[in-house]
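Below you'll find the structure, written out as structure tokens, and then a few comments.
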Amino acid sequence: MMKRKIMTIVLSIILISTFLPKIQVLAADNSLKKVKSKETLVVGTSADFPPYEFHATLDGQDEIVGMDISIAEKIAEDLGVKLEIQDIGFDSLLPALEVGKVDIIISGMSASDERKESVDFSEVYYIGGQNIVVRPSDNEIYTSKDDLYQKKIGVQTGSIQESLAKEQMPDSSILSLSKITDLILALKTNKIEAIIMEKPSAMAYVANDNGLATFDGGFELQEDEQGAAVAVKKGSASLVTAINQSISTIKENNLTEDYLKEAGELLKESQGQDGQEDSKPKTIINYWSYFAKGTGYTILISVLSVFFGSILGVILSLMRLSDRKLIRLPATAYVEFVRGTPMMIQVMFIYFAVGYLINIPALASGIIAVSLNSGAYISEIIRSGLNSVNKGQTEAARSLGMSKKTAMRYIVFPQALKNIWPALGNEFITIIKESSIVSIIGVGDLIFQTKIVTSLSYRGIAPLAVTMVIYFILTFSLTKLLNHYERKMNHDQI
Ligand code: ARG
């Protein structure tokens, strides 16, 4: 009897998990309705891909611009809704679409057959071509992909260039990074010999940087790998139809040409190369507003996470001190689990997996993930602090007639605090540095801004140096501050 019940349950789970995705697809297509009812079209993109999409400083403001953004604007306009752009790493775009963080992807994304298995595409709006980017000094040596036999080449993670490299250059070794700007840096510092990149983007990088050269890669391309299209969640026929209408107007009026021209000008303008006599080359200081913004976010995330982490830490450590197993066990399990898994996965889990149920914005997801992580470590700090107080102290207090609670509060805890404090300070410092992991889900912290500055300035090392100094100033002032309080605390007790 029991066996049959178990069998039925197992079978239903298998059935449900195989058919649920299909049922979801069959479910009424309300994709267009959904966008219209929230009056906003959320577009995911990876803004490291001029002239398709890139960051530009216009009138001192950071903006994401480019051909794809103009297309997004047109689609939003035709739908009569507002446009919201989310800048996400290229390899996280498809997951973001699947869990509904974004409504569509416009990111120079090729409508490859492989991708068509998990998402749907609009009509192709632009056909690029595949180039190879090298250092100018190598321009004579390498002229096609075959010259790069057994050499190190760079590609963007999750891009069709990555598959092209794997399939058509099997003897070369591949470095795959999630941002093209990082690939450019790797090329310039001789870490790799070449980058495979879409032709328009390769041309844009080369035009803005005389430390780069490019040529046609001579790849054999399948039909489906040629053109860029808009990606939507599977089963969004109504949304695709609407998008295709905008795309056909764009094509009929040759608007992509205009968009590309505009993008080219914006790229130059943002580079300070708009032909004006007085436009001096920009130094890294010109980008201070990005660093300031990033520092603000980093401080905000760290302070809030340590605050919430401390509350959680206190609760967890009290639970772990309990006499009851049922209370102790979950807390121990939590701490062990959090300590045993990488924070990067925790951040992505909160953003993508939990976000599947409730849509938490990136910044909040980041703060929640870092707080949950920090809580586990802080609970350990508090627990070991309390344990470090000699048992005799509690016993003496109890024999004086104090209750367990009073003894803890007035005798044990003040002594424990002396041990907890420095460790807590260390945790704070760790959080300032480690919270940088939230940049992967698009939170604009210091690391995220550094990447933007790298792409805007076409310089790799200077932004890193500035960021390093800022982190050091943050952590060093915190150390000084904590030391001050630590001394005060010791003083008070003498
Ligand atoms: N067309 C290539 C692909 O679909 C590269 C696109 C990269 N886009 C970007 N915004 N970085 O894989």
Side-chain angles (χ1 to χ4, degrees), residues 43-56 63-72 85-97 102 104-133 153-169 174-187 194-205 214 216-217 219 221-232 256 259-260 263 267 440 442 448 451-452 454-456:
V43 176
T45 197
S46 168
D48 57 352
F49 206 50
Y52 292 84
E53 47 265 328
F54 53 99
H55 284 267
E63 261 177 68
I64 298 176
V65 291
M67 168 170 74
D68 283 352
I69 308 304
S70 306
I71 293 176
I85 303 285
Q86 284 202 15
D87 183 13
I88 317 176
F90 191 73
D91 48 347
S92 297
L93 284 172
L94 289 176
L97 180 66
V102 298
I104 60 174
I105 299 172
I106 313 187
S107 197
M109 187 175 268
S110 313
S112 71
D113 285 341
E114 225 178 327
R115 289 180 182 143
K116 278 183 196 153
E117 279 170 21
S118 53
V119 293
D120 285 344
F121 281 100
S122 69
E123 297 287 325
V124 165
Y125 59 81
Y126 192 78
I127 295 188
Q130 301 302 329
N131 264 33
I132 288 179
V133 177
I153 48 173
V155 290
Q156 185 165 37
T157 316
S159 67
I160 57 157
Q161 286 78 11
E162 188 177 32
S163 348
L164 284 180
K166 281 187 186 148
E167 283 155 20
Q168 296 182 35
M169 304 171 81
I174 300 170
L175 170 73
S176 101
L177 297 178
S178 107
K179 285 270 163 196
I180 292 187
T181 40
D182 291 338
L183 289 170
I184 300 276
L185 186 59
L187 178 67
I195 306 171
I196 311 177
M197 219 195 278
E198 215 102 354
K199 185 172 173 191
S201 190
M203 304 288 260
Y205 272 103
T214 185
D216 188 281
F219 290 96
L221 295 171
Q222 310 279 322
E223 184 79 46
D224 62 287
E225 290 167 343
Q226 305 256 14
V230 180
V232 298
T256 34
Y259 294 162
L260 273 177
L267 194 58
I440 53 167
F448 188 83
K451 296 219 161 128
I452 297 181
T454 315
S455 72
L456 283 171

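In listed order, ligands and their atoms are each counted from 1. The figures that follow rest on heavy atoms only: side chains count, while hydrogens, waters and symmetry mates do not.
Note on residues 113-123: pairs passing side-chain hydrogen bond (donor to acceptor under 3.5 Å, both in side chains), not counting sequence neighbours, are D120-K234.
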May I have the list of side-chain donor-acceptor pairs in residues 175-183 shorter than 3.5 Å, sequence neighbours left out?
| residue | atom | partner | partner atom | Å |
| --- | --- | --- | --- | --- |
| S176 | OG | T157 | OG1 | 3.4 |
| S176 | OG | E162 | OE2 | 3.2 |

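The protein residues lying under 4.0 angstrom from ligand 1, judged by non-hydrogen atoms, are S46, D48, F49, E53, F90, S107, G108, M109, S110, R115, Q156, S159, I160, Q161, E198.
Formation of a donor-acceptor pair under 3.5 Å by the T45 side chain with backbone atoms of I106 is found in this model. Between the T214 side chain and the A202 main chain, no donor and acceptor come within less than 3.5 Å of each other.
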Inset, instruction - Any chance you could lay out the side chain to side chain donor-acceptor pair (under 3.5 Å) test for Y125 and D68, step after step, and finish with the verdict? - result: CA-CA 10 Å; Y125 59 81; D68 283 352; 2.7 Å; yes
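Applying the side chain to side chain donor-acceptor pair (under 3.5 Å) rule to D48 yields the partners S46, Q156; only residues at least two apart in sequence or on another chain are considered.
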